[in-house]
Amino acid sequence: MGENSDDRVGAEMRDVVGRAVEVMREQLGHQLTVDDLARSAMFSRFHFSRIFQRVTGVSPGRFLSALRLHEAKRLLLATSDSVTDISYQVGYHSVGTFSARFHSSVGLSPSAYRQAGGFTTMVSTEPRARRRPGSALVHGRLRSTEADETGVIFVGLFPEPVPQGQPVCGTIMAEPDHFLLTDVPSGTWYLVASSVRTAYAAGTEPEPFVAVTGPVTVHPCAVLSVDLPLRRRRAVDPPLVLGRLTVPAPTPCYGAAS
DNA sequence: CGAAGGCGATCTGAACCCTC
DNA sequence: GAGGGTTCAGATCGCCTTCG
């Protein structure tokens, strides 16, 4: 099988971005700038930003922010360190910034998140009692060659490729299968699927499988079909920055009844 | 691929709140 | 009153667009 030059360039870009992500992970507690990362990759910051965004779907700053919050979530549950200590450990020099960023992304303040044991009521997958006027429907199939290992999967629509904050709608599945999202507001969204754990084990990767596609433009009253190939999470995939999900028992296709 | 300019996102630090 | 955490206004940084 011949490798064309685009494949090689793509592989080189992924390597460059992969190394930058490694640097981010290793130096999470330091003040890293895009300039630093670009220099270590031997690129100008302009070119580096463009490559990074092409490979990961998000800017370097957003990716770093997601990594910090993801690690903070882990530390809040796995340690008894104070919120102030954790904010410094993940690279924030101001606990105020950390608290505000955490709240806007996860939906709870750091201390409230810890008290709740990592659960948040913000991410609701319950079907709405009353449908939005002109809402659309998105359905498709979640495919995986490792269906036995994926565990519970969250599928949701987000305004950005980094799944953080509240999804515009979502559902929970017991295993890769046909999914249906009802009551989807019109707009441009990213469809994200990620395996999730209901029991958060400290020091383990809680979202080993992921699928991201988009942007998908949803028109009023439209019916969209989107297939999602679920794959193992790569180092260059942005982490999931949701709170743990408050979910009922997963069903293969909930919300199907209309 | 590099650079400039505009603008939105993020950060800092201080004031404020809450609990003990 | 002290310590830990949250909120907020202003400053700074980074991203996006456009052009060379």
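Every chain is numbered from 1, with letters handed out A, B, ... down the list of sequences. Computed from a predicted structure; not experimentally measured.
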Spell out yes or no: do the side chain of A:Arg50 and the base of B:dG2 have one donor N/O and one acceptor N/O closer than 3.5 Å? yes

Return the nearest nucleotide to the side chain of A:Arg101; candidates are C:dT7, B:dT10, C:dC15. B:dT10

Nearest whole angstrom, please: distance from the P of B:dC11 to the CZ of A:Phe102. 14 Å

Compare every heavy atom of A:Ser65 with every heavy atom of A:Tyr92, then report the nearest pair and how far apart it is. OH-OG, 3.8 Å

So if I take every side-chain heavy atom of A:Phe46 and compare against C:dG5, B:dC11, B:dG2, which nucleotide ends up nearest? B:dG2

B/S/- along nucleotides 15-20 of chain B (protein heavy atoms under 4.0 Å) is ------

If I take atom CG in residue A:Leu64 and atom P in nucleotide C:dC13, what distance separates them, rounded to the nearest angstrom? 16 Å

Below the 4.0 Å mark, does C:dG4 have OP1 or OP2 next to a side-chain nitrogen or oxygen of A:Thr84? no

OP1, OP2 of B:dC11 versus side-chain N and O of A:Ser94: anything below 4.0 Å? no

How are the rings of A:Phe154 and A:Phe158 set to each other: parallel, tilted or perpendicular (split at 30° and 60°)? perpendicular

To the nearest 0.5 Å, atom NE2 of A:His139 lies from atom CG of A:Leu181 at 10.5 Å

First locate atom CG of A:Asp177, then atom CD1 of A:Ile153, and finally report the distance between them rounded to the nearest 0.5 Å. 9.0 Å

Could you grab the distance from atom CG of A:Leu64 to atom CG of A:Leu69, nearest 0.5 Å is fine? 9.5 Å

From C:dT6, B:dC11, C:dC16, nucleotide with atom closest to A:Pro110 side chain: C:dT6

To the nearest Å, give me how far apart CD1 (A:Ile51) and P (C:dC15) are. 14 Å

Hey, does A:Ser109 reach any base, or is it just sugar-phosphate, or nothing, if we go heavy atoms under 4.0 Å? sugar-phosphate

Distance below 4.0 Å between A:Ser111 side-chain N/O and C:dT6 OP1 or OP2: yes

Using a heavy-atom cut-off of under 4.0 Å over every strand shown, decide if A:Val95 touches base, sugar-phosphate, or nothing. base

By nearest atom, which of the nucleotides C:dT7, B:dG2, C:dC16 is closest to the A:His103 side chain? C:dT7

Taken to the nearest 0.5 Å, the spacing of A:Met173 CE from A:Leu142 CG works out to 5.0 Å

Figure out the CZ/C1' separation between A:Phe98 and C:dC8, and round it to whole Å. 18 Å

Contact class for A:Gly61 vs. all strands (heavy atom < 4.0 Å): base, sugar-phosphate, or nothing? sugar-phosphate

Checking all strands, does A:Arg114 fall into the base, sugar-phosphate, or nothing category for heavy-atom contacts under 4.0 angstrom? nothing

Among B:dC11, B:dC1, C:dT6, find the nucleotide with the atom closest to the side chain of A:His47. B:dC1

Rounding to an integer number of Å, can you tell me how far A:Arg68 CZ sits from B:dA9 P? 18 Å

Spacing of A:Gln115 atom CD relative to C:dT6 atom C1', expressed in whole Å: 13 Å

Could you tell me how far apart A:His93 (NE2) and B:dT10 (C1') are, to the nearest whole angstrom? 14 Å

Could you check whether any side-chain N or O of A:Arg114 sits under 3.5 Å from a backbone N or O of A:Ser82, counting only pairs where one atom can act as donor and the other as acceptor? no

N-O pairing of A:Glu22 and A:Arg25 below 4.0 Å: no

Specify the separation, in whole Å, of atom CZ of A:Phe48 and atom C1' of B:dA3. 18 Å

Tell me whether the side-chain N/O atoms of A:Arg62 come closer than 4.0 Å to OP1 or OP2 in B:dT10. yes

